[in-house]
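Worksheet for the structure shown next.
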Amino acid sequence: MLTSETIHPDRNDKREERAVVHRIGRVARWELAEEGVRLYGEKANLSLTFLADGAVRIRLFFGVAPDLATTPAVLPQTKAGAVSLEETAREYRAVAAGGVAVAVDRERGIFSVFRANGETLLAGVDLFWDRDRSATLTAGMDENSHFYGLGEKTGFLDKKGERYEMWNSDVYEPHVPDISALYQSIPLLIHFRSGGTGAAYGVFLDDPGRAAFDMRTSPDRYAIQSENGNLDLYVLEGPTLKDVVKRYAGLTGKPPMPPRWAIGYQQSRYSYMNEEEVLGIARTMREKRIPCDVIYLDIHYMDEYRVFTWDPERFPDPKGMMRQLKEMGFRVVPIVDPGVKQDPKYPVYVEGVREGYFCKKLEGETFIGNVWPGPSAFTDYTDERAAKWWGDLHQFYIDHGIEGIWNDMNEPSVFNTASKTMDVDVVHANGGRPKTHGEWHNLYGMLMSKATYEGMARGLGGERPFVLTRAGYAGIQRYAAVWTGDNRSYWEHLAMSIPMVLNLGLSGVAFAGPDIGGFSHHASGELVARWTQAGALFPFCRNHSAIDTPHQEPWVYGERVEAICREYLGLRYRLMPYLYSLFYEATSTGLPIVRPLLLEYPEDANVANLCDQFLLGRDLLAAPILRPGTTARSVYLPEGVWLDFWTGERLEGGRFVLAQAPLEVMPLYVRAGAILPEQPLRQHAEEAVEGPTTLRVYAGGEGSFRLFEDDGRTFGYESGRYRLREFAWTEADGERTLSASVVHDGYEGGASELRIAVGNLDREPSSVQLSGAEESGARHYDAAKKVLTVSVRGAGGEFRLSLQEQGLR
């Protein structure tokens, strides 16, 4: 029987109507407003806010006034100085003093963005939306265009020719190039033009709902789409890639200094099942002299997967276990998921319901979704009361001696829904400005980590916490390190981990890395050896494996693989002063720790999409082996002189070289002129080991390095309790000089004795002069290694070491 539903108007074919798009149209007027400039068009309007640090916010809005509230990703910003308005028959132009300019076509509403010098950033930007208010921006690209950023996307470094979605997703299936969305959504696109000026700019879309970046569909235009119509754009001028990255850090924040132990090697498994297994892993690490700082606890440590509990049978004495681990120099990082088991006898659930801390539907019903504990509620982290409650619950872990937390499943992942996440009609309180989950989805993981970090910081009484997260949004770097999720023990995933970490770094997330060895599938000893070689130089360094796979601890694969892992993890610990100082640079500037060669050599066309190599800082170049059975590979060395890290061989850059790489060797090179600080080998970051810091100077070029020192534990560095020294190496007129200066000295600790080892010297210098400090012990020149060693006492301040030699090359 037919009913009136048969003639419901929505049953008619409306495809043509839905295909109709709308544009701003003719701009009738403009005006100065509190935020900057407003332009009113026939069908929509634009708000322009010029920021002090070379950026402009462009907001599409409907109605009389724009909603200028930002998401929690964006920090408070200082507006630029005076804005001047220029009007011609064709366009309106707004120019910020010393900043960027925006020109809007009066007839069509199309706009362009320029630098103060008139150079074009975005030209002919078209904005349009459909009947459902899904909004799209398109801008020009050409054959010289390259695209970077977008966080942890699959594929190669350069994202040209690809399309990606921003929708945090739990993806356990293999991470392959055509998976467009993973756990992190960082909607920053960096457009770089090779050739000519090599200029760059960034576009950040501050929209935590579903969005897409399309550099594939059109040959000459890229598109940015917001499903919710929330086109809130920040255009960041360069002109260099580094400038864009720094400006983005100014917009969304820089990472805090982690505790030094969190930079050490970390061992994990889903799961170490009980106290005996955890303590056994720790003892074996120490017996085998494999440096390690952290052991993880996955979901089996909990009582039926209830967060903030211990399984009483598997972990009957957690405090006693913690004491034993700390005596061996280990920290424990337990997993904490957002799902709170629905259980009327579970105090966390009861309190959350009673106080209204959980996410709800509009009608007031608590959202319940299935995850590891079964039916579970989810904290609404947009509610400040709920977020503080959640953070303070972590006192449970602090009381057990825990200083780090692992946030997982926080996309959020939900098992019993078609979308595999929270229903999009869940309403978040958002401080009195309610948002649906469809609008705010990508913020959930970031706000969980924020609540966790802040709660741990409150409870630790001045000690720095460590938080690791799977899901995040722009600004996540302020609260957590990121690992790239459930990868697999595939050689292809080892290769893909490099561009993923590189683009995370360009997207503000400096503290990042993959699961070494791969989480799922079955790793071979060769793969674990090669992945450990690369992973030992990533900012986040953790080996992790799944419950249905063989164990992946370094000793599982026999003595040869164990020795390789020991050697490269030992290298990480010896380079800890270098790595720790790079973390400080990231904290200060927002620049990544691990870098694509493009960041340092933007004019070199060979590195625009080079992502099977990477730089640690500016001076150390790693070229991992990414295929099984491979004992040699081609390595590209940029311009300048490079030295083989292992042999000292001198190589001219600007070319490809063939590197020999038996299983024990990962090709590694140092830029001539580099200064690498190195410490004696430790078994964990806080182990007291006798011996001075060594400054390894690589002659044959010029360079500098800033060495950061503090207590490695507290927030004292924020109030000036640190030492920052700059070392510079120069070569001119037969004289080579290492000079040391003090940039800041507010730290009483640390050693004032340095061992200076100058390498790549063909002969012993004819004269060695030291001023500002004293030599301690005899200097030594090793003719076989071409290294001069000078020990210096009283090197905490300024000093100068000069080497003179006839016939310098």
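At least one side-chain heavy atom of Asp142 sits under 4.5 Å from a side-chain heavy atom of Arg193. At least one side-chain heavy atom of Leu598 sits under 4.5 Å from a side-chain heavy atom of Leu241. A 4.5 Å side-chain heavy-atom check between Tyr248 and Ile190 finds every atom pair outside the cut-off. In this structure, the side chains of Ser194 and His146 come closer than 4.5 Å at one or more pairs of heavy atoms. Counting heavy atoms from C-beta outward, Asp67 and Arg433 have side chains that approach closer than 4.5 Å. Looking at Asn442 and Met166, their side chains come closer than 4.5 Å, going by heavy atoms from C-beta outward. Put simply, the side chain of Val102 does not reach to within 4.5 Å of the side chain of Arg93, judged on heavy atoms. Using a 4.5 Å heavy-atom cutoff, the side chains of Leu85 and Leu32 are in contact.
Screening Ile58, Thr49, Leu51 for a side-chain contact (heavy atoms from CB on, under 4.5 Å) involving Tyr234 leaves a single residue, Leu51. Glu600 pairs in a side chain to side chain donor-acceptor pair (under 3.5 Å) with only one of the listed residues (Arg671, Lys242, Arg618), which is Lys242.
The distance from the CG atom of Asn609 to the SG atom of Cys611 is 5.0 Å, given to the nearest 0.5 Å. The line from CG of Leu236 to CZ of Phe204 is 9.0 Å long, rounded to the nearest 0.5 Å. Taken from CH2 in Trp440 to CG in Asn228, the straight-line distance is 10.0 Å, to the nearest 0.5 Å. Atom-to-atom distance recorded for Met496:CE and Lys153:NZ is 12.0 Å, nearest 0.5 angstrom. Rounded to the nearest 0.5 angstrom, Ile186 CD1 and Leu205 CG are separated by 13.0 Å. Considering CZ of Arg210 and CD of Gln225, their distance stands at 10.5 Å, rounded to 0.5 Å.
The environment of CD in Glu34 is sparse: at most 12 heavy-atom neighbours from other residues, nucleotides or ligands sit within 6.0 Å. Around CD of Glu639, the count of heavy atoms belonging to other residues, nucleotides or ligands within 6.0 Å does not exceed 12. No more than 12 heavy atoms of other residues, nucleotides or ligands shown are found within 6.0 angstrom of CZ on Phe156. Atom CD of Glu86 has more than 12 neighbouring heavy atoms from other residues, nucleotides or ligands inside a 6.0 Å radius. The number of heavy atoms from other shown groups lying within 6.0 Å of CZ (Arg108) does not exceed 12.
Classification of the His428-His437 ring pair by plane angle, with boundaries at 30° and 60°, yields tilted. Between Tyr148 and Phe192, the ring planes lie tilted relative to each other; the angle falls in the 30° to 60° range.
Checking side-chain atoms of His441 against main-chain N and O of Trp167 turns up no donor-acceptor pair under 3.5 Å. Looking only at distances, no side-chain donor or acceptor of Asp130 sits under 3.5 Å from a matching main-chain atom of Ala135. Between the Thr71 side chain and the Asp206 main chain, no donor and acceptor come within less than 3.5 Å of each other. Under the 3.5 Å distance criterion, the side-chain polar atoms of Asn430 are left unmatched by any main-chain donor or acceptor of Gly432. A donor-acceptor pair under 3.5 Å is formed between the side chain of Glu42 and the backbone N or O of Arg26. Not a single donor-acceptor pair under 3.5 Å links the side chain of Glu702 to the backbone N or O of Gly673. Under the 3.5 Å distance criterion, the side-chain polar atoms of Asn45 are matched with a main-chain donor or acceptor of Gly63. A donor-acceptor pair is defined here as one N or O able to donate and one able to accept, closer than 3.5 Å; such a pair exists between the side chain of Gln613 and the backbone of Tyr636. Judged by distance alone, the side chain of Arg247 and the main-chain N or O of Val244 form no donor-acceptor pair under 3.5 Å. Using modelled atom types, one side-chain atom of Ser112 and one backbone atom of Gly124 make a donor-acceptor pair closer than 3.5 Å.
Taking the six-membered ring where the residue is Trp, the centroids of Tyr222 and Phe213 are separated by 6.0 Å or more.
Contact check on Arg90 versus Asp105 returns no salt bridge, with no Lys/Arg side-chain nitrogen under 4.0 Å from an Asp/Glu carboxylate oxygen. At a threshold of 4.0 Å, the pair Glu87-Arg106 counts as salt-bridged, since one of the basic side-chain nitrogens sits closer than that to a carboxylate oxygen. For Glu162 and Lys160, the salt-bridge test fails: no basic side-chain N is under 4.0 Å from an acidic carboxylate O. Between Asp170 and Arg470, at least one side-chain N (NZ, or NE/NH1/NH2) sits under 4.0 Å from a carboxylate O, which counts as a salt bridge. Checked for salt-bridge contact, Glu585 and Arg706 miss the test: no charged N lies under 4.0 Å from a carboxylate O.
Contact detail for Ala73 and Arg478: the closest heavy-atom pair is O-NH1, 3.0 Å. When every heavy atom of Ala181 is checked against every heavy atom of Val171, the shortest pair comes out as O-CG2, 3.5 Å. Listed here is the closest heavy atom pair of Pro596 and Leu506: CG-CD1, 4.1 Å. Across every non-hydrogen atom of Asp232 and Ala69, the tightest pair is OD2-O, 4.4 Å. Between Tyr444 and Glu411, the closest heavy-atom pair is CB-O, 4.1 Å. Scanning both residues, Ala223 and Thr136, for their nearest heavy atoms gives CB-CG2, 4.1 Å.
Using modelled atom types and a 3.5 Å distance limit, the side chains of Thr138 and Asp126 yield no donor-acceptor pair. No hydrogens or angles considered: nothing links the side chains of Ser47 and Arg38 as a donor-acceptor pair under 3.5 Å.
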*Derivation of the side chain to side chain donor-acceptor pair (under 3.5 Å) call for Ser134 and Asp132*: CA-CA 6 Å; Ser134 175; Asp132 297 322; over 6 Å; no
*Could you give me the CA-CA distance, side-chain angles and deciding distance for Tyr183 and Thr484, then say whether side-chain contact (heavy atoms from CB on, under 4.5 Å) is met?*
CA-CA 8 Å; Tyr183 316 93; Thr484 58; over 6 Å; no
*Taking it one step at a time, do Val482 and Thr469 satisfy side-chain contact (heavy atoms from CB on, under 4.5 Å)?*
CA-CA 5 Å; Val482 169; Thr469 186; 3.9 Å; yes
*Take Ser581 and Leu579 through the side-chain contact (heavy atoms from CB on, under 4.5 Å) test and state the conclusion after the steps.*
CA-CA 5 Å; Ser581 297; Leu579 189 58; over 6 Å; no
*Dump the intermediate steps for side-chain contact (heavy atoms from CB on, under 4.5 Å) on Lys450 and Tyr381, then the final yes or no.*
CA-CA 9 Å; Lys450 177 178 184 290; Tyr381 302 109; over 6 Å; no
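A search for side chain to side chain donor-acceptor pair (under 3.5 Å) contacts involving Gln477 returns Thr252, not counting sequence neighbours.
The stretch residues 93-125 participates, sequence neighbours left out, in no ring-ring contact (aromatic ring centres under 6.0 Å, His included) pair at all. Listed by first then second residue, pairs satisfying ring-ring contact (aromatic ring centres under 6.0 Å, His included) with a partner in residues 64-94 read Trp30-Tyr92, not counting sequence neighbours.
Within the cation-pi definition used here (under 6.0 Å to the ring centroid, within 45° of the axis), Arg133 qualifies as a partner of Phe62.
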